[in-house]
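Below you'll find the structure, written out as structure tokens, and then a few comments.
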Amino acid sequence: MPELPKTYTPAEVEERWYQKWLDDKCFEADPARVSETRPAYSIVIPPPNVTGILTLGHVLNNTIQDILCRRARMLGKEVLWLPGTDHAGIATQNVVEKTLRKQGEIRHRNDLGREKLVEKIWEWKEKHGGIIIQQLKKLGASCDWSRERFTMDADYSRCVQDVFVDLYKKGLIYRGRRMVNWCPVALSAISDEEVVMKPQKGFMYHFKVEVVEEPGTFLEIATTRPETIPGDTAVAVNPNDPRYAKLIGKHIRRPLPVENQAEIPIVGDDHVDFEFGTGVLKVTPAHDKADFAIGERHNLEIIDVMHPNGTMNLIAGNDLAGLDRFAARKKAVELLQESGAFVKEEPHQNNVGYSERADVPIEPRLSDQWFLKYPSVKESTDVVADGAMRFYPDRWAKVYDHWMNGLQDWCISRQLWWGHRIPVWYHKTEDQVHCDVTPPSDPENWEQDPDVLDTWFSSWLWPFATMGWPEKTDSLKAFYPTTDLVTGPDIIFFWVARMIMAGYEYMGELPFKNVYFTGIIRDKQGKKMSKSLGNSPDPLELISKYSADALRFGIMRGAPLGQDILFDEKNVELGRNFCTKLWNAARFRQMQGGSHEGEIDPTLLTTDDKWILLRLNTAIEEVTTALEEYRFSDAASSLYRFFWSEYCDWYVEACKATLQGDDAKRQANALAVMDFVLGHTLRLFHPFLPFITEELWHGMGFSKDMPADQGGDSIMTAPWPKPLDADEQTHFGLLPEDEKTANDRYETVNLGRGLKSAFNLPGNKRVRYILKPANELAEHDVEVLRILLNAEPLDVDPAAAPAKGTPTVLTPLGELFLPLDGLIDVEAERARLTKEMEKVTAELHKVLAKLNDENFTSKVPEKVLQDHKHRAADWAEKKAKLKEMLAALG
RNA sequence: GCGUGGAUAGCUCAGUGGUAGAGCGGCUCGUUUACACCGAGUUGGUCGGGGGUUCGAAUCCCUCUCCGCGUACCA
């Protein structure tokens, strides 16, 4: 076996192994291999935006998926991780339009026209799209790239059309003139889910109008949007409001536009809250959802006073026409002031809906759009409520349930060019509609609906449309429903809920069995990572600086289930350091030489050997359980602790006693134990650290132990470690008390080191210790103690009686003395012992106080009582010893 | 409003009824048979406030404060 290089070079290693895995088709899933003994495991990737670049959110999300997939492979499952990208309608069209504008090719999309622009976007997609796919490879993602899908692939588009036509024929998709959320920048309708509410500081403007039928009677109206007054077609009061009820049916004169102060009615409507504002509401059915509803109830005229881009139109009047809605607001106030209608303005905070994408206030707007009444709602609600589909963390189930019980029809049409065009044609002369996946036979007489579908109307089919639906393909048969879905809670409604409904509607079954919701990545201050804040580090830079393994480990160790993640580069550094530690521990083993094929001889196991085997068992159990419960950070922490604090810090150091000795058999046995532990550890780590574990697996010769079928000798397909069962533990002679024996020893070492440091002796200075053992110690155990204490020599003397004032510490193995030739400072030792005495006395008092309390002793469980009694005895014994020691000082 | 998560060492978090923990940071020492991306030692906490249940509360209950998220909103 060639020697491992002194330093680990992740960039070269990661590149090399990823290519090898690809060449060997290690990630490719074959439905034909699925069987009773080889169950399927599948995940569909949440398809990133085709224009996207890797963010830390993607790193988190995809590392989790990769861990799940890699572990499933090691458990002997046939694994499909299906990758792909999303065409992301608005976002992509924006990116490309912007690029073209920057390059001076166009000023507006109309310069190119629909066909040309779509062509340009495709070109752009082929050239620059899917960068993120290459970036995912750098991260080590073990996706089956041979199955990469795009939501606008021809067959995928066909699925989208099929579904549209089907839902149309079922009467669930309909076209209607409704109030929608209109984005004045994108010039498109958007869904309720794409609107984010933001608190706004603004003003509440009051103005008064005279009741036409009762001159001298004025109504005061409060509004935040005076620019929409020209669109008012009524004012509304609550019919139960004693102040105004009698005015219902009468009229007022609308103050704007100045040149058209029409008379509009006063209507009574329960919607009006008479405690809010003045209790009089102006009703603008064209520009407010609630007002639209009032308008419908009272059959009011609808007057649209705005252009689609948010500027005022001519109907708004000469003073306002052409102004942007916010400029028009100011102008409208001025006009009211001029006419004397203005009363006052008051600062007012309210919530305004913003277009998530363009970050501008949306404009409620009446327009013709396509809507979907959600299908399979009941099954989809029940499956989560019943727990048949599990959410992790499960509190999201409640959020889901809440949304499912308040479903509003989904506005699925978008006034964009990039996307799946709605498969509906209108007859040019007759009132006919053709909805089908194929155009009408006489296309010259028909015109296709210009709109495209909301991107999510394609993503919601992702779990099955990527596997060949509507054919009943082998892949669908083998891998649907998928096993796990890993995504952020921010798209629970956008995507998760809709996939569940589509799954039931078209596959008759749930699309995935478990949903893991990741946390949201924030910076150290807790701010959300975003490009505009510039607080989002580039994962690729982190990879080149620290390695992909380091990034994966760092982010997973700090990502507890259900919590947001405060990202700190320190965590990645920790990951890098850990990889280095792993590398060096492997090198240490290799430097001892010897074959790694040595069998462990149970009769030669030392206390330390047994201890590490027991600790390994615990680690395997902890990691396995944690992963089964999706507690990735716990799994990572367990591994970290086991390998660094237990294997490296104690076991390897203790082994040096054997390795320095001259018993060849014992040495070989120690190496066999190391190999056993390392072989297991590498496999436990592989899902987290795929690259370095593969490199060491091969570099240390573990690979050839494994059967070379399926995936060859890669650690990827090595079996997932199992804890030793009872028989194996018997075989190795492992007993639970072995752990205590070793722990007593390590505690003794700790205490001895503390003593040394208390007297300012450098850790590397070899000093003499004397142990007055409480029980007899084997020669080997003494040697281990000597090495770990860095003692030279370590005298074991049951009759030890060192000079007065010799620093002494009580250990589980007996009294340990640190003779300081000629340097004894009696007062210093007295001070140290006195301090110790105070501590022990305080602890003893605490326990005794409880034990002397009748209330305690009579009510507490027997086990707790015994624990306390033992503790009291321990402290008492320590106290007695300390007293003796202090007395000896004179 | 309603729902939901959180507040434990300087920082990030673990700890769900029985002796308050880890990692990082800080400080001290250090070229020991791998590893300074390291080792040894050490310093850090009346567990957000108040009340209750209990022999016993970081842990269970109530309440308040603050931070976050979701959702619904009144012009």
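What you see is a predicted model, and the numbers here were worked out from it, not measured in a lab. A, B, ... follow the sequence lines: proteins, then strands. Residue 1 opens every chain.
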With Watson-Crick and G-U wobble geometry limited to distances under 3.5 Å, how should the secondary structure of RNA chain B be encoded in dot-bracket form, using | for bases paired to another strand and [ ] for crossing pairs?
((((((((.[[[[.)..(..]]]].(((((.......))))).....[[[[[..)....]]]]])))))))....
Euclidean distance for [atom1], [N] against [M] (whole angstrom):
{"N": "B/G26", "M": "B/G68", "atom1": "C1'", "value": "30 Å"}
{"N": "B/A14", "M": "B/A22", "atom1": "P", "value": "16 Å"}
{"N": "B/A57", "M": "B/G48", "atom1": "C1'", "value": "16 Å"}
{"N": "B/G17", "M": "B/A9", "atom1": "C1'", "value": "23 Å"}
{"N": "B/A34", "M": "B/U28", "atom1": "C1'", "value": "25 Å"}
{"N": "B/C64", "M": "B/G6", "atom1": "C1'", "value": "16 Å"}
{"N": "B/U63", "M": "B/C69", "atom1": "C1'", "value": "23 Å"}
{"N": "B/G50", "M": "B/G5", "atom1": "C1'", "value": "22 Å"}

Touch check for [X], heavy atoms < 4.0 angstrom, all strands: base, sugar-phosphate only, or nothing?
{"X": "A/R557", "value": "sugar-phosphate"}
{"X": "A/N350", "value": "sugar-phosphate"}
{"X": "A/K863", "value": "nothing"}
{"X": "A/S757", "value": "sugar-phosphate"}
{"X": "A/H402", "value": "sugar-phosphate"}
{"X": "A/R576", "value": "base"}
{"X": "A/P861", "value": "base"}
{"X": "A/R871", "value": "base"}
{"X": "A/Y400", "value": "nothing"}
{"X": "A/I787", "value": "nothing"}
{"X": "A/C579", "value": "nothing"}
{"X": "A/V272", "value": "base"}
{"X": "A/D649", "value": "sugar-phosphate"}

Options [options], nucleotide nearest the side-chain atoms of [X]:
{"X": "A/F493", "options": "B/A34, B/A75, B/U71", "answer": "B/U71"}
{"X": "A/K656", "options": "B/A34, B/A40, B/C24", "answer": "B/A34"}
{"X": "A/F856", "options": "B/C55, B/U4, B/G23", "answer": "B/C55"}
{"X": "A/W875", "options": "B/A34, B/U19, B/G39", "answer": "B/U19"}
{"X": "A/R395", "options": "B/G5, B/C55, B/C37", "answer": "B/G5"}
{"X": "A/Y640", "options": "B/G23, B/A75, B/A34", "answer": "B/G23"}
{"X": "A/T223", "options": "B/A75, B/C24, B/C55", "answer": "B/A75"}
{"X": "A/D853", "options": "B/G18, B/C55, B/A75", "answer": "B/C55"}
{"X": "A/E843", "options": "B/G70, B/U19, B/C24", "answer": "B/U19"}
{"X": "A/E653", "options": "B/G70, B/A34, B/U19", "answer": "B/A34"}

Does a donor on one side chain and an acceptor on the other come within less than 3.5 Å for [X] and [Y]?
{"X": "A/N577", "Y": "A/K581", "answer": "no"}
{"X": "A/E838", "Y": "A/T841", "answer": "no"}
{"X": "A/N181", "Y": "A/D192", "answer": "yes"}
{"X": "A/E569", "Y": "A/Y546", "answer": "yes"}
{"X": "A/D608", "Y": "A/Y746", "answer": "yes"}

Does the structure place the NZ or CZ of A/R615 under 6.0 Å from the centre of the six-membered ring of A/Y651, at an angle of no more than 45° from the ring's axis?
no
Would A/K656 pass as a cation-pi partner of A/F588, given that its NZ or CZ must be under 6.0 Å from the six-membered ring centre and within 45 degrees of the axis?
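Yes; both conditions hold, so A/K656 lies above the ring face of A/F588.
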Could you state the [atom1]-[atom2] distance from [X] to [N], rounded to the nearest angstrom?
{"X": "A/I520", "N": "B/G6", "atom1": "CD1", "atom2": "P", "value": "15 Å"}
{"X": "A/K850", "N": "B/C55", "atom1": "NZ", "atom2": "P", "value": "13 Å"}
{"X": "A/K859", "N": "B/G17", "atom1": "NZ", "atom2": "P", "value": "20 Å"}
{"X": "A/N405", "N": "B/C2", "atom1": "CG", "atom2": "P", "value": "20 Å"}
{"X": "A/I492", "N": "B/U71", "atom1": "CD1", "atom2": "C1'", "value": "12 Å"}
{"X": "A/F578", "N": "B/G39", "atom1": "CZ", "atom2": "P", "value": "12 Å"}
{"X": "A/D867", "N": "B/G18", "atom1": "CG", "atom2": "C1'", "value": "8 Å"}
{"X": "A/K846", "N": "B/U46", "atom1": "NZ", "atom2": "C1'", "value": "12 Å"}

Quick one: which residue pairs count as a side-chain hydrogen bond (donor to acceptor under 3.5 Å, both in side chains) with a foot in residues 225-236 of chain A, not counting sequence neighbours?
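side-chain hydrogen bond (donor to acceptor under 3.5 Å, both in side chains) check on residues 225-236 of chain A returns A/R225-A/E227, A/R225-A/E363, A/E227-A/R329, A/T228-A/K282, A/D232-A/K282, A/D232-A/T284.
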N or O in side chain of [X] less than 4.0 angstrom from [N] OP1/OP2:
{"X": "A/K581", "N": "B/G39", "value": "yes"}
{"X": "A/N571", "N": "B/U12", "value": "no"}
{"X": "A/K6", "N": "B/C35", "value": "yes"}
{"X": "A/W583", "N": "B/C38", "value": "no"}
{"X": "A/N584", "N": "B/C38", "value": "no"}

Between A/K198 and A/E356, does any side-chain N to carboxylate O distance fall below 4.0 Å?
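A salt bridge is absent here (no side-chain N lies under 4.0 Å from a carboxylate O).
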Please determine if A/K878 and A/E843 form a salt bridge, counting it only when a charged side-chain N lies under 4.0 Å from a carboxylate O.
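Result for this pair is no, no salt bridge flagged.
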Heavy-atom donor-acceptor pair, A/Q667 side chain to A/G661 backbone, under 3.5 Å:
yes
So, is B/G44 syn or anti if syn means the angle is within 90° of 0?
syn
When the aromatic ring centroids of A/F856 and A/H868 are compared, is their separation below 6.0 Å?
yes
